[in-house]
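Quick caveat: nothing in here was measured; it's all calculated off a predicted structure.
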Amino acid sequence: MSALALAVALSGCGDSGTGSKEPNSGTAATGDTASGGNTTYRLGEASPPQKQTMQKYKGSTFTVTPTKVKTGTKADLKASGLQLDESDGSRVPVYVTVTLTHNSGKSMAVGDLDDGLVVRTDKDERIRSLIVLVGQAKWPNCPPVDTEKQLKAGQSASICNVFLIPQGEKPAAVELTQGFTTAPLEWLVKG
């Protein structure tokens, strides 16, 4: 047993409460009041400016640009030091590299810009990023994120998030969800 004992939170998100399974429903993007806003993008394509929903950042905007999605292996998971509960089943890591850009308003913490990211699998399961509650996991080519790092308007940060998906499933899309009343933005994963 590893000396590094970690507790992790894994969560599926269901269908994000939109009632729509269509990848491009024509619904305006999160916080966007323009009609007919696109909700489906290619990796490397920036989202439209998103309005921060947290009261402390009221009026601030940011963009999200997923740039790379790579599926890891069971060996990566074993080498990370994580100890999963048997009820979590057999999982593999998916590494998602994202550029977060603070566009306007008060300085925002990186962790408050990426908390709506979800990986949707080819079996239509939605997985939130891995949250390490105690200790630090190590992942190949995916350094830990400083979630408290502050970004001022005009600044960007490239970060890597880890998602644990069921073994045998593949990442189909990266989604950005911000509440239940708006369709999520999604970046399709080709592969």
Side-chain angles (χ1 to χ4, degrees), residues 6-18 27-32 37 39-41 43 45-70 80 82 88 91 93-121 125-137 139 142-165 171-189:
L6 299 175
V8 297
L10 302 172
S11 62
C13 299
D15 72 357
S16 73
T18 64
T27 305
T30 305
D32 190 358
T39 60
T40 303
Y41 303 92
L43 288 178
E45 190 175 2
S47 71
Q50 302 297 294
K51 291 181 183 174
Q52 179 52 267
T53 58
M54 298 174 86
Q55 189 62 32
K56 66 181 176 180
Y57 301 128
K58 188 174 182 176
S60 296
T61 62
F62 65 97
T63 58
V64 175
T65 311
T67 56
K68 184 178 176 184
V69 176
K70 181 180 181 203
S80 74
L82 285 180
D88 291 325
R91 300 205 172 242
V94 171
Y95 309 109
V96 177
T97 304
V98 179
T99 299
L100 304 169
T101 302
H102 181 294
N103 293 18
S104 65
K106 294 172 69 175
S107 294
M108 293 191 289
V110 166
D112 292 334
L113 295 171
D114 74 340
D115 66 349
L117 289 175
V118 172
V119 165
R120 180 174 53 80
T121 71
E125 185 172 351
R126 286 170 171 81
I127 308 291
R128 291 203 178 273
S129 66
L130 181 66
I131 301 169
V132 178
L133 300 175
V134 179
Q136 190 70 28
W139 303 100
C142 192
V145 175
D146 178 3
T147 58
E148 298 303 315
K149 178 181 177 181
Q150 296 289 312
L151 294 180
K152 296 178 183 176
Q155 291 183 320
S156 296
S158 180
I159 65 168
C160 181
N161 284 324
V162 179
F163 300 79
L164 295 181
I165 68 170
V174 175
E175 295 182 346
L176 177 65
T177 61
Q178 288 189 328
F180 296 103
T181 59
T182 312
L185 303 181
E186 80 173 355
W187 289 263
L188 300 177
V189 176

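A search for side chain to side chain contact (heavy atoms under 4.5 Å, CB included) contacts involving C160 returns Y95, T97, C142, not counting sequence neighbours. In this structure, the side-chain hydrogen bond (donor to acceptor under 3.5 Å, both in side chains) partners of T121, at least two apart in sequence or on a different chain, are E169. Under the side chain to side chain contact (heavy atoms under 4.5 Å, CB included) criterion, T65 pairs with A46, T67, T99, sequence neighbours left out.
The shortest side-chain heavy-atom distance between P93 and L164 falls under the 4.5 Å cut-off. Between V96 and L117, every side-chain heavy-atom pair lies at or beyond the 4.5 Å cut-off. Inter-residue side-chain proximity for V69 and V94 is flagged as met; some heavy-atom pair is nearer than 4.5 Å. Side-chain contact between L188 and R120 is present, with at least one heavy-atom pair separated by less than 4.5 Å. In this structure, R91 and L130 have side chains that are not in contact, with every pair of non-hydrogen atoms separated by 4.5 Å or more.
Closest heavy-atom contact between F62 and V64: CE1-CG2, 3.6 Å. Contact between S107 and Y57 at its shortest, heavy atoms only, is O-CE2, 3.1 Å.
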N/O donor-acceptor pairs under 3.5 Å from side chains in residues 147-158, not counting sequence neighbours:
{"residue": "Q150", "atom": "NE2", "partner": "E148", "partner atom": "O", "Å": "3.4"}
{"residue": "Q155", "atom": "OE1", "partner": "K152", "partner atom": "N", "Å": "2.7"}
{"residue": "S156", "atom": "OG", "partner": "T101", "partner atom": "OG1", "Å": "2.8"}

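For S47 (side chain) and T63 (main-chain N/O), no donor-acceptor pair under 3.5 Å exists by modelled atom type. With hydrogens and angles disregarded, no donor-acceptor distance shorter than 3.5 Å links the side chain of Q52 to the backbone of Q50. No donor-acceptor pair under 3.5 Å is formed between the side chain of W139 and the backbone N or O of S80.
Listed by first and then second residue, the salt bridge (Lys or Arg N to Asp or Glu O under 4.0 Å) pairs that reach into residues 107-119 are K56-D112, sequence neighbours excluded.
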